[in-house]
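Note sheet for the following structure.
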Amino acid sequence: MKKISLLIPCYNEEKTLPMLYPELTKLMEKNNQYEWEVMFVNDGSVDGTMDELRRLREKDPRINYVDLSRNFGKEIAMLAGFDYVTGDCMIIIDADLQDPPALIPEMLKYWEEGYEDVYAKRKSRGKESWLRKRLSLMFYKLLQSSSRFDVLQNVGDFRLLDRCCINALRRMRESERYTKGMYCWIGFKKKEVEFDRGDRIAGQSSWNYRQLFSLAIDGITSFSNLPLRISTVIGCLVSLLAFIYMLFVYVKALVWGDPVRGYPSMVMLILFLGGIQLLSLGIIGEYIGRIYNETKNRPDYIVREFNGERVL
Ligand code: UDP
Ligand code: MG
């Protein structure tokens with residue numbers, strides 16, 4: 001019998017879990033030609049999520065949980081899940097039922113046909129503010145044009161991954177993760193299914209603008225060197241202009257002499273160049289920061305317990 005794993009990262013989801021569980025059992029009962037495993041990753045929740053998970057596991061041995069020692073963020077929580085799931089394929093879903101489990105049988109059908117990565121594409125994005133939609137669109141455009149492979153738009157983490165994809169993703173241990181880009185990077189046979197993304201059933205979205213911004217920076221820096229290249233190009237252009245202007249000033253001084261003037265242009269130049277230098281330094285800094293983090297070679301996450309057993 002083939003084994004299917006459901007991977008569900010949870011951060012403060014005590015309110016949604018009681019609603020999620022019946023949906024999952026419905027799904028598992030309906031598709032009982034498979035063996036099922038549910039892998040919850042508790043990402044350092046500060047509410048009763050852990051108690052809820054323990055209760056669920058007592059009731060239902062198909063439920064498993066990994067309890068991380070603190071909040072590591074969804075990307076890392078998913079990596080922990082990749083390490084712990086044992087299925088022949090895995091389906092990642094959010095705990096808040098924004099990803100409808102009803103779509104899973106269709107995904108499984110495509111998997112049986114031989115597709116290795118069946119991803120769900122949102123037809124609509126649910127209730128999100130206008131600004132958030134615009135920013136997200138801008139980000140994808142930027143990423144699209146700066147990296148060499150396609151990062152799909154309106155595609156989230158809701159997808160089915162074959163064992164080969166799970167193993168490939170497990171080999172990518174970088175700590176500043178942008179998993180959406182990795183699914184594309186690893187390749188494999190992909191298939192799209194469409195769905196309408198609803199709203200959260202309860203609780204609150206835990207992403208604020210600052211976190212989204214930092215995810216966007218991670219996305220761009222981990223998949224593209226374009227920002228570095230842009231600063232090189234700007235540097236070259238500015239040096240060229242500076243050289244031409246230098247010749248101009250030199251010749252002017254030789255031919256017409258040069259009483260001291262030009263304070264405004266001097267200040268402008270200093271400010272302009274200072275700005276560009278700081279910007280380039282900042283860009284280089286972003287990359288160096290990432291190099292620094294990766295070279296520390298720390299484990300990506302720390303597990304407190306797995307299914308009630310302490311790991312450390
Ligand atoms: N999540 C997580 N760690 C975090 C933030 C979120 O594991 O630090 C989980 C959360 O419990 C949910 C999923 O990631 O299952 C998606 O989170 P959320 O619904 O807040 O994001 P959105 O749907 O707004 O993108
Ligand atoms: Mg959500």
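Keep in mind that what you see is a predicted model, and the values were worked out from it rather than measured. Numbers here simply count residues along the sequence, with the first being 1. Whatever order the structure lists them in is the order used to number ligands and atoms, beginning at 1. Computed over heavy atoms, backbone and side chain alike; hydrogens, waters and symmetry mates excluded.
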Quiz item: N/O of P9 under 3.5 Å from N/O of ligand 1, yes or no?
Solution: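 Among all N and O atoms of P9, at least one is under 3.5 Å from an N or O of ligand 1.
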
Practice problem: Considering only NZ, NE, NH1 and NH2 on the basic side and carboxylate oxygens on the acidic side, decide whether D117 and K191 come within less than 4.0 Å. | Solution: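 The answer is no: the pair does not qualify as a salt bridge.
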
Self-check item: Within 6.0 angstrom of Y250 OH, more than 12 heavy atoms from elsewhere
Solution: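 No, not enclosed.
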
At less than 4.0 angstrom from any non-hydrogen atom of [X], what atoms of ligand 1 do you find?
{"X": "D94", "value": "13 (C), 15 (O), 16 (C), 23 (O)"}
{"X": "D43", "value": "2 (C), 3 (N), 4 (C), 7 (O), 8 (O)"}
{"X": "D96", "value": "19 (O), 23 (O)"}
{"X": "A95", "value": "15 (O)"}
{"X": "E13", "value": "10 (C), 11 (O), 12 (C), 15 (O)"}

Exercise. Please name all residues satisfying salt bridge (Lys or Arg N to Asp or Glu O under 4.0 Å) with E23, sequence neighbours left out, ordered by chain then number.
Key: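 Listed in chain order: K26.
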
Exercise. Could you tell me whether the Mg ion (ligand 2) has an N, O or S atom of D94 under 2.8 Å away?
Key: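 So D94 does not bind the Mg ion (ligand 2) by this criterion.
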
Quiz item: Can you tell me the N, O or S atom of D96 that's nearest the Mg ion (ligand 2)?
Solution: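 It is OD2 of D96.
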
Exercise. Measure centre to centre between the rings of F195 and F158, then say whether the value is under 6.0 Å.
Key: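 They qualify: ring centres under 6.0 Å apart.
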
Quiz item: Can you find a side-chain donor-acceptor pair between R298 and S175 that sits under 3.5 Å?
Solution: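 Their side chains do not contain a donor-acceptor pair, so the 3.5 Å distance test is not met.
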
Quiz item: Does W185 have K180 sitting over its ring (NZ/CZ under 6.0 Å from centre, angle to axis within 45°)?
Solution: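 Ring-cation test returns no.
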
Quiz prompt | Test: R290 cationic atom under 6.0 Å from Y292 six-membered ring centre, within 45° of axis | solution =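 Checked: cation-pi criterion not met.
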
Quiz prompt | Region of N71 that comes within reach of ligand 1 [heavy atoms, distance under 4.0 Å] | solution =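 Under 4.0 Å from ligand 1, N71 contributes side-chain atoms alone.
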
